[in-house]
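Here the structure comes first, spelled out in structure tokens, and everything after it is commentary.
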Amino acid sequence: MTCALSVAPATAHAQAADRVFGVPPSLAPEVAIHTYAEPVSQDIATRAAQRFLGRAIDSTQVDFGMWLLPAKRRAAPVWRVAASPRFPGDPQRPVAIVDAVSGAVVEAYDVARHAGRSFVYPENPVRTPLVSEVQLPVASGASFPINALFQTLNCVDKRDVRPTLLGPTHFCHLESTARADTAGDFVFDTPGDTEPEDPFAETNAFHHANVFADFMQTLGAPDAKQRVQIVTNLMWPSGFAASDPARMADPDAPLDPYIGAFFAPTNPLFTPTGQIDVGVMWFGQGPVRDYAYDADIDYHEYIHELLFQHSQLLGVFEPDRFGLTPGSRALEEALADYFSSAFTGDPEMGEYAAPNLRPGQPHYRQLDNDQHCRELSGEEHHDSHPLAGALWRARASLIAADQQRLDQVVLSVILGAHLPRLRLADFAELLRQELQRRDLSAIWTALHAQLETRGLLGDCYRNIAYTGEPLGSSDDLRNDRLWIAPGGRDTAWGMSVQAAPFPFTPALVQFSAEVPPHGRHLTVSARVFGPPAEVSALVRFDGDIEYDWSAVPPAVARDVIVPLTGTWPRQTATIDVPTGVQRVSVQIVQHGAVRLAYRDVELRVTAGAPHPTVAETAPLEPHGGCRFRPARPATVSTTALALLAAGSR
């Protein structure tokens, strides 16, 4: 017997079949007629479905009919075979579609419908502009997004003023706006980019937090110690950035969209009011784009939460031979980017939210990069680039199975180190040890090449040559060509009562200039940003500035230090150059507790008679000559401003 089928826009007719499956009304005007010989038997189709689904088959749920194959623009005879429930109340009802001509399974799906249906962007509105239907893993009976791992909240402006440690303040209430409908679903329209308080931001962030937590558990991540709250559409009190108490207390002043996303265990605005008492992933509303719509930013912040709960990283600058390095500050940012991109397969971070920084910005960060450790600036997101790039490039060169093994090793090393202070080179060495212990030498070979190319296998040489033009750091999205001058509080000794080894805080980078014949005076200048503080030029003649941290305290007797002076922010000093010197190296260092930033560094060497201030350029005493005072506890305002300045982690 031979049968045929013709399908029109809203109608279908089948010969020798009682049913037609999978024919939507939006079908093209005509689908090709398909003829076929006698179909395979029900028994053959059932066995094929059972093998594919790995489940027993419900013999009462086997149907023969026609099924549209969109890729081939034709309909074909099929058996539709449903699996039996695995246990009473099993919510899954998988179905296999078996081609009745070849006997092969051509499609499978779950016909069960559950409460919690929602729509999300699979990645973000730039890369995946069409939303997809998902099932939110909400707790049984919950009317808003919550389960054992996460709870979502929204930043809702009720135009009231409440007492806080900052004084009377107008800021938002934290409550969920994503409420289930009568069917238990969370179906919301996608709002405009700057729509505050939208429930879609909650469901989108909730979905991605859960799927990424599942992914990290497949790599060996431990269970969460407590539920994490997710706050979307974060808005900040108007007047907060300018420290304007009157405007902060004005209930009619519109709240300012927060630029960035971050994880924090506490928050100085919300904690005192009792709204927040656990770790929180905060997603800013953004003046242009909503951060909760960017899935990779969600994944990035989850890694910060994971490391906060399960590692001992201390966010201070670490010493090496050439000064200070960002250490665990950059390490944590690199890992947050790496695992996010490992999950998405996309090396670009934050493509959707990036225009909040400046119009036309394509992304926050790019892991497929060539950045070297000499480009460190002191801003942790920027300084994460060399390690994140090394991990990503090495991973991309591996087969899929080895990619997963590398992911597992990176996670196990950071969670198993239990070291609060790690330099990037220390982490690279731990990776080498673990990969060799697991006999994964091929993976280490790929990773070693990347780490070595970027200067991450030891103390990174960070002396930047001055060639006549003002020097600035690499053109980065976050630091706008700035170097950080760490303060005492950025160091391990500045966070404790122990004595500082120097009368200043060492810098991350140094600059060098050639001294022409008859060069006699070195003029060092830079634009320095931050609260006015004492800043100096640390100078070494005919050599690089190096620190001997094995000494107690480290000796720097070969160097001279000269205060930078002038009208803030431009700071300048002139140093006499001894006869016969051919090269000078300079670090911009500071003497205060709070970090500064600088750029537009110039090192100009001029000829002339000995400078009258030569006696003022005294060498440093081998033992430093003074001590830092213990850092005073930060005030609430300082803490809050520091949180605001942190931006997207």
Side-chain angles (χ1 to χ4, degrees), residues 317-334 337-338 365-394 422-429 431 447-486 490 505-514 524 526 537-540 542-547 549 559 583-589 595-603:
F317 289 91
E318 300 293 345
D320 74 354
R321 186 156 56 102
F322 301 105
L324 295 179
T325 72
S328 58
R329 304 172 62 88
L331 172 59
E332 188 169 334
E333 295 299 337
D337 280 356
Y338 171 74
R365 288 177 294 283
Q366 167 65 269
L367 273 68
D368 191 11
N369 65 64
D370 296 303
Q371 287 196 244
H372 191 274
C373 65
R374 73 173 66 92
E375 300 175 69
L376 297 178
S377 72
E379 200 286 320
E380 55 266 31
H381 300 85
H382 174 270
D383 294 346
S384 71
H385 287 161
L387 178 59
L391 290 169
W392 176 261
R393 286 271 179 89
L422 277 176
R423 300 176 306 160
L424 298 181
D426 298 330
F427 185 70
E429 172 59 17
L431 287 176
L447 183 57
H448 176 272
Q450 288 294 327
L451 295 170
E452 185 175 44
T453 299
R454 300 163 190 266
L456 295 174
L457 293 178
D459 292 336
C460 176
Y461 183 70
R462 305 184 297 280
N463 194 319
I464 302 171
Y466 176 72
T467 58
E469 296 295 329
L471 292 169
S473 68
S474 61
D475 189 7
D476 180 64
L477 307 181
R478 297 289 308 183
N479 63 15
D480 195 26
R481 301 181 65 84
L482 292 174
W483 280 287
I484 299 299
D490 291 316
T505 303
L508 280 83
V509 298
Q510 56 188 286
F511 312 96
S512 61
E514 300 301 319
V524 179
L538 179 68
V539 183
R540 178 169 292 189
D542 281 335
D544 301 318
I545 296 173
E546 297 186 22
Y547 295 81
W549 295 96
D559 303 327
R583 179 173 174 267
V584 293
S585 295
V586 177
Q587 276 194 347
I588 307 296
V589 301
R595 72 176 59 180
L596 304 173
Y598 62 94
R599 67 180 180 188
D600 300 328
V601 178
E602 297 187 74
L603 277 62

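- Leu451 approaches Ala428 most closely through the heavy-atom pair CD1-CB, 3.9 Å.
- Taking each heavy atom of Ile484 and Pro486 in turn, the nearest pair found is O-CD, 3.4 Å.
- Using a 4.5 Å heavy-atom threshold, the side chains of Pro386 and Leu424 count as separate.
- No donor-acceptor pair closer than 3.5 Å links the side chain of Arg374 to the backbone N or O of Cys460.
- Minimum heavy-atom separation, Arg423 to Pro319: CD-O, 3.4 Å.
- Across all non-hydrogen atoms, the minimal contact from Asp368 to Gln366 is N-OE1, 2.9 Å.
- At a threshold of 4.5 Å between non-hydrogen side-chain atoms, the residues Asp459 and Phe322 count as touching.
- Within the 4.5 Å cutoff, side-chain heavy atoms of Ile588 are placed close to those of Phe511.
- Here the CD atom belonging to Glu546 is positioned 10.0 Å from the CG atom belonging to Asp559, to the nearest 0.5 angstrom.
- Side-chain atoms of Leu457 and His448, non-hydrogen and from C-beta on, do get closer than 4.5 Å to each other.
- A distance-only check finds no donor-acceptor pair linking the side chain of Glu375 to the backbone of His382 [under 3.5 Å].
- Taking 4.5 Å as the limit, some side-chain heavy atom of Glu602 sits within range of a side-chain heavy atom of Pro470.
- In terms of heavy atoms, Tyr466 sits closest to Val601 at CE1-O, 3.9 Å.
- If you check the side chains of Ser585 and Asn463, you find a donor sitting under 3.5 Å from an acceptor.
- A distance of 7.0 Å separates CZ of Phe317 from CD of Glu380, quoted to the nearest 0.5 Å.
- Looking at Leu331 and Asp426, their side chains never come closer than 4.5 Å, going by heavy atoms from C-beta outward.
- Between the CG atom in Leu376 and the CG atom in Asp383 there is a gap of 4.5 Å [rounded to 0.5 Å].
- A donor-acceptor contact shorter than 3.5 Å links the side chain of Gln510 to the backbone of Ile545.
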(message) Determine whether Leu447 and Leu431 satisfy the following criterion, side chain to side chain contact (heavy atoms under 4.5 Å, CB included), listing intermediate values before the conclusion.
(response) CA-CA 9 Å; Leu447 183 57; Leu431 287 176; 3.8 Å; yes
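- Considering CG of Leu367 and CG of Leu387, their distance stands at 9.5 Å, rounded to 0.5 Å.
- A side-chain donor-acceptor contact under 3.5 Å links Asp542 to the backbone of Arg583.
- A donor-acceptor distance shorter than 3.5 angstrom exists from the side chain of Trp549 to the backbone of Asp320, with no hydrogens or angles considered.
- To the nearest 0.5 angstrom, Leu422 atom CG is 11.5 Å from Glu429 atom CD.
- For the residue pair Leu471 and Trp483, the shortest heavy atom distance occurs at O-CZ3, 3.4 Å.
- When Val589, Leu324, Leu538 are each tested for a side chain to side chain contact (heavy atoms under 4.5 Å, CB included) with Pro506, only one passes: Leu324.
- His372 meets the ring pair (Phe, Tyr, Trp, His ring centres under 6.0 Å) test with no other residue; sequence neighbours excluded.
- A salt bridge between Arg462 and Asp544 is absent, with no side-chain N of the basic residue lying under 4.0 Å from a carboxylate O of the acidic one.
- Atoms OG and CZ, from Ser384 and Arg329 in turn, are 12.0 Å apart once rounded to the nearest 0.5 Å.
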